[in-house]
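Report on the structure given below.
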Protein chains: 2
Amino acid sequence: MDIHITLHGRRDLTGQIYAQLRAGIVEGRLAANARLPSTRDLATQLGVSRKTTLDVFDRLIAEGFLRTRAGDGTFVADGLARLPGANAQPVSARARAAGIWRKLPERMTMPMPLAEEALDCDFKGGVTDKTLFPYDAWCRALNHALRTQARAGGGVASYRDPAGEQELRLGISRYLAFSRAVACNWQDVVVTQGAQQALDLLARVVVQPGDVVAVEEPGYPPARALFAALGAGVAHVPVDEEGIVVGKLPRNTRLVYVTPSHQFPLGMPMSLERRVELLEWAARRGAVIVEDDYDGEFRFEGRPVESLRSLDRAGLVAYVGTFSKTLFPDLRIGYVVPPATLREPLWHAKQVTDWHGCMLTQTALGAFMLDGAYAKHLRRMHKTYAARRAVLIERLCGELAPWFEPLPATAGIHLVARLDASCDEARVVAAACEASVGLYGIRPLYAGRALMQGMLFGYGGTSVDAIERGMTRLAALMPALRS
Amino acid sequence: MDIHITLHGRRDLTGQIYAQLRAGIVEGRLAANARLPSTRDLATQLGVSRKTTLDVFDRLIAEGFLRTRAGDGTFVADGLARLPGANAQPVSARARAAGIWRKLPERMTMPMPLAEEALDCDFKGGVTDKTLFPYDAWCRALNHALRTQARAGGGVASYRDPAGEQELRLGISRYLAFSRAVACNWQDVVVTQGAQQALDLLARVVVQPGDVVAVEEPGYPPARALFAALGAGVAHVPVDEEGIVVGKLPRNTRLVYVTPSHQFPLGMPMSLERRVELLEWAARRGAVIVEDDYDGEFRFEGRPVESLRSLDRAGLVAYVGTFSKTLFPDLRIGYVVPPATLREPLWHAKQVTDWHGCMLTQTALGAFMLDGAYAKHLRRMHKTYAARRAVLIERLCGELAPWFEPLPATAGIHLVARLDASCDEARVVAAACEASVGLYGIRPLYAGRALMQGMLFGYGGTSVDAIERGMTRLAALMPALRS
């Protein structure tokens with residue numbers, strides 16, 4: 001039997017010989033029942049010690065790749081020829097044939113920048129400004145968390161409460177009671193991996209494949225991608241200036257996903273009348289309402305309309321919040337305050353899905369909230385965002401008024417401006433990109449036909465100076481874009 | 001109209017009056033179309049300034065709770081009486097009636113300690129020793145991650161790659177290639193929220209409700225709870241001394257979940273012959289194999305049998321690993337190396353489920369791996385666990401031999417010892433608990449009838465001294481426990 005083994009250098013000779021013999025057997029180049037040279041001959045052939053070849057053979061025999069017959073030598077084990085080869089039909093081809101791919105989620109079509117390089121002024125939504133984040137306070141909180149982690153459990157590290165770190169849940173419940181009129185105890189809060197996981201867990205306990213989930217149109221693509229991926233039939237229900245049109249909800253809807261504080265993307269709050277109508281409808285139909293209060297923290301005009309949840313005495317509303325907009329998205333911490341009746345199922349769903357989240361950041365964030373650093377940061381960002389928003393609206397209503405009309409919105413870190421029908425959304429986006437201005441059309445936020453043209457202006461990651469520059473450039477290029 | 005408003009102190013008078021009026025309206029005590037006193041009268045009645053009551057009325061009018069008729073006064077809005085009351089049928093009762101609760105996961109019956117207070121010696125499985133964790137190196141890695149986080153993205157915080165931090169994926173791929181013979185690039189690795197989420201994502205892209213998922217019996221309860229929660233039909237397939245009995249796999253199995261390196265809980269590795277048989281079977285049936293290599297890092301006898309994945313040339317095996325056993329479980333970082341054909345679906349499933357994991361710990365862990373701290377920690381823990389395991393086996397095979405027989409296991413941070421039929425598992429657990437020794441019977445790890453009695457001895461969180469003490473106490477109480 002001819003064995004080709006090539007040694008590279010003199011390090012780990014046993015490992016090198018083992019790996020090559022094993023590969024030869026697994027890949028079928030060394031046939032079943034083939035006799036191997038003696039360990040002595042192989043050692044001579046390769047110029048290694050006999051102990052080396054003996055070790056290799058011992059290991060391959062122990063693992064079952066080789067077998068010995070007393071007084072007769074060492075042979076390649078049979079049976080290995082049955083190992084499926086690289087030409088076996090791979091999983092996906094079979095999977096596709098079996099139709100299982102219909103669970104594959106649609107692409108999450110959030111608008112993405114056209115340009116690869118950094119833009120001079122980028123109005124991307126859903127991002128935040130790191131330069132204003134209080135890293136010193138955050139670092140202190142993290143070091144506190146690290147000390148807590150080292151001490152906790154009496155030296156034994158174990159799994160934790162799926163609902164999350166108690167201090168963080170306490171911080172969230174106090175914050176919600178104070179600023180969002182969501183009356184809850186810390187026990188009511190389930191911490192999640194961003195708001196996205198809150199939606200996932202809620203859908204898992206409420207929605208069966210085939211059930212109808214209603215979302216707003218236009219709306220938040222990651223939510224509709226998620227519900228579709230879970231096998232739900234997604235109904236895209238139009239919004240008007242008061243919010244989702246309750247009369248157009250399919251009768252058999254199991255779950256309604258809404259953004260009452262600041263409709264995503266258009267920005268208007270849901271009117272009180274519409275809120276009452278929605279709650280009444282949900283009680284009648286036995287549907288669950290998911291209120292995604294994704295950026296309700298930042299309000300700039302009037303007093304906040306409080307959460308939908310605060311009107312709910314019947315246990316219909318699951319309130320979902322996130323730190324992605326107030327701190328940063330890659331923190332990946334969100335939360336849900338479910339109706340009392342869904343609390344235990346959600347707890348189990350969280351446990352079974354991923355057990356619990358990253359405890360280090362949860363402990364740090366709990367400390368960050370309870371010692372007041374979070375509230376301080378919110379106040380600071382509120383002022384910053386108010387200034388950016390004011391400049392944006394001033395410019396849109398000034399020199400850009402012939403082309404843009406900001407929609408009424410009192411909150412958040414983005415606004416939508418309607419684009420005049422004489423221009424084409426995609427053409428404006430492309431021209432702006434050429435001028436190093438990142439613009440984002442709202443067309444991808446419609447699941448069906450877009451009922452209007454518009455641009456989403458995010459100001460979470462853009463300074464006042466950059467906004468001024470961007471608006472000036474936009475004003476310069478718009479006249480040429482009338483079609 | 002009679003309005004009862006009680007002021008507590010003189011702080012935030014506007015807020016106090018607002019909240020009580022609003023609550024009165026929402027809860028129906030102030031009826032629709034009821035006329036309110038004038039702001040002047042109300043101010044006098046409450047002893048507050050008229051500006052205060054004007055502010056309250058303005059806000060309630062703006063929000064739609066009150067309305068004005070010119071020259072006629074202020075009234076409670078109608079329509080609010082339609083708000084579902086607390087006596088409306090809550091979500092869960094309807095949900096139960098609709099049968100949706102069959103998606104509710106079964107309890108994850110991992111053995112739990114009977115005692116609330118700390119035990120003198122606790123053989124709990126799945127925990128690790130924090131006192132030996134290199135917090136200094138970890139702290140350095142975290143501070144590096146914090147600096148990276150502050151700098152990354154040019155000051156703008158945004159969502160990241162769902163598959164995880166590139167450095168961590170690189171660290172994992174190198175580690176797997178070197179120590180588990182899993183040949184992969186960093187692009188093949190998807191970082192998950194512990195191994196549990198890896199199972200969840202795999203099941204989501206491979207399994208439809210109603211599909212059959214095969215698990216080992218006895219086996220890992222959180223895995224079977226997860227598959228059941230996703231609507232799969234879970235088949236409990238017995239293991240013998242070579243691993244899962246392939247001949248007993250249902251013909252229509254879509255996914256097989258196995259622990260080939262160190263069967264959970266019994267401990268034996270899957271034989272090479274059985275591995276070949278399983279791969280061959282999966283190729284024939286178009287099934288996906290999930291290899292959970294949950295504690296394959298720590299091996300104490302012989303050379304490791306390499307991963308099942310290393311035998312797979314046909315793209316049938318998804319390899320799942322975790323840092324829960326090598327570092328600590330509340331870190332919540334695991335990973336999956338899927339067959340190439342499942343890579344894109346998994347990426348989407350991760351994105352749609354929770355977007356991505358906690359980037360701070362991922363960046364820190366990447367640095368911790370790439371600078372060698374992880375390998376150093378593994379070597380140290382290997383020695384520590386080897387010493388604990390040796391003491392445990394010595395005592396079990398010594399004075400405890402009349403009652404216990406350790407099952408052959410070459411790896412991991414726990415072992416199972418068969419309990420003599422003359423004793424009752426539950427009685428031994430209870431008696432040990434009385435003596436402040438935490439023991440865990442294997443009965444809960446069977447989905448069906450237990451085929452043997454035994455104890456799972458975890459030594460991840462127990463010192464050599466504690467093991468000695470625990471064994472001495474156990475030896476003292478066993479003679480009285482023969483039935």
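Each chain gets a letter, A, B and so on, in the order the sequences are listed, and its residues count up from 1. Just so it is clear, the model here is predicted, and its values are computed rather than measured.
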Quiz prompt | Structural part of A/L199 lying under 4.5 Å from a heavy atom of chain B | solution = neither
Self-check item: Top contributor to chain A contacts, counting heavy-atom pairs under 4.5 Å, from B/A340, B/S310, B/G15
Solution: B/S310
Exercise. Name the member of B/A198, B/G64, B/S158 that forms the most heavy-atom pairs with chain A at distances under 4.5 Å.
Key: B/S158
Quiz item: Mind checking what makes side-chain hydrogen bond (donor to acceptor under 3.5 Å, both in side chains) contact with B/E242, not counting sequence neighbours?
Solution: B/S271
Self-check item: side-chain contact (heavy atoms from CB on, under 4.5 Å) evaluation trace for A/D200 with B/R204
Solution: CA-CA 12 Å; A/D200 182 45; B/R204 285 167 82 124; 3.0 Å; yes
Quiz item: Can you check whether B/V26's main-chain N or O pairs, donor with acceptor, with A/R313's side chain at less than 3.5 Å?
Solution: yes
Quiz item: Considering only heavy atoms, which portion of A/D58 lies under 4.5 Å from any heavy atom of chain B: side chain, backbone, both, or neither?
Solution: neither
Quiz item: Do A/Q193 and B/W355 come close enough that some side-chain heavy atom pair is under 4.5 Å?
Solution: no
Practice problem: Identify the heavy atoms of B/P209 and A/P209 that sit nearest to each other, and give their distance. | Solution: CG-CG, 3.6 Å
Exercise. Specify the closest pair of heavy atoms between A/P222 and B/V352, including all atoms of both residues, with the distance to one decimal.
Key: O-CG2, 4.4 Å
Quiz item: Which atom pair, heavy atoms only, marks the closest approach of A/G126 to B/Y159?
Solution: O-CE1, 3.9 Å
Quiz prompt | side-chain contact (heavy atoms from CB on, under 4.5 Å) between A/M359 and B/F328, worked out | solution = CA-CA 11 Å; A/M359 281 297 154; B/F328 45 89; over 6 Å; no
Self-check item: Heavy-atom proximity to chain B below 4.5 Å, by part of A/F133
Solution: neither
Quiz item: In terms of heavy-atom pairs under 4.5 Å with chain A, which of B/C139, B/G357, B/G461, B/G460 leads?
Solution: B/G357
Practice problem: Give the member of A/L146, A/L331, A/N143, A/D129 that has the highest number of heavy-atom pairs under 4.5 Å with chain B. | Solution: A/L146
Practice problem: Tell me, for B/I333 versus chain A, whether the close heavy atoms (under 4.5 Å) come from the side chain, the backbone, both or neither. | Solution: neither
Self-check item: Listed partners of B/S463 passing side-chain contact (heavy atoms from CB on, under 4.5 Å), at least two apart
Solution: B/D465, B/A466
Practice problem: Let me know if A/L360 has heavy atoms under 4.5 Å from chain B in its side chain, its backbone, both or neither. | Solution: side chain
Quiz item: Which of the residues A/C358, A/A23, A/A150 is involved in the greatest number of heavy-atom pairs with chain B at under 4.5 angstrom?
Solution: A/A150
Quiz item: Is B/R59 paired with A/E306 through a side-chain N to carboxylate O contact shorter than 4.0 Å?
Solution: yes
Quiz prompt | Interface moiety of B/D312 toward chain A, non-hydrogen atoms closer than 4.5 Å | solution = neither
Quiz item: Side chain, backbone, both or neither: which part of A/T361 has a heavy atom under 4.5 Å from chain B?
Solution: side chain
Quiz item: Quick one: what part of A/D354 sits under 4.5 Å from any heavy atom of chain B, side chain, backbone, both or neither?
Solution: both
Quiz prompt | Note, B/R22 side chain near A/L311 side chain (heavy atom, < 4.5 Å) | solution = yes
Quiz item: Quick one: does A/R160's side chain have a donor or acceptor within less than 3.5 Å of a partner on B/D330's backbone?
Solution: no
Practice problem: Could you tell me whether the side chain of A/K130 and the main chain of B/Q149 form a donor-acceptor pair under 3.5 Å? | Solution: yes
Quiz item: Rounded to the nearest 0.5 Å, how far apart are CZ of A/R332 and CD of B/Q362?
Solution: 11.0 Å
Practice problem: I would like to know whether B/L272 and A/L80 meet side-chain contact (heavy atoms from CB on, under 4.5 Å); could you show each step before the answer? | Solution: CA-CA 9 Å; B/L272 179 61; A/L80 290 161; 4.0 Å; yes
Practice problem: Determine the option with the most heavy-atom pairs under 4.5 angstrom with chain A, choosing from B/E27, B/E280, B/Q197. | Solution: B/E280
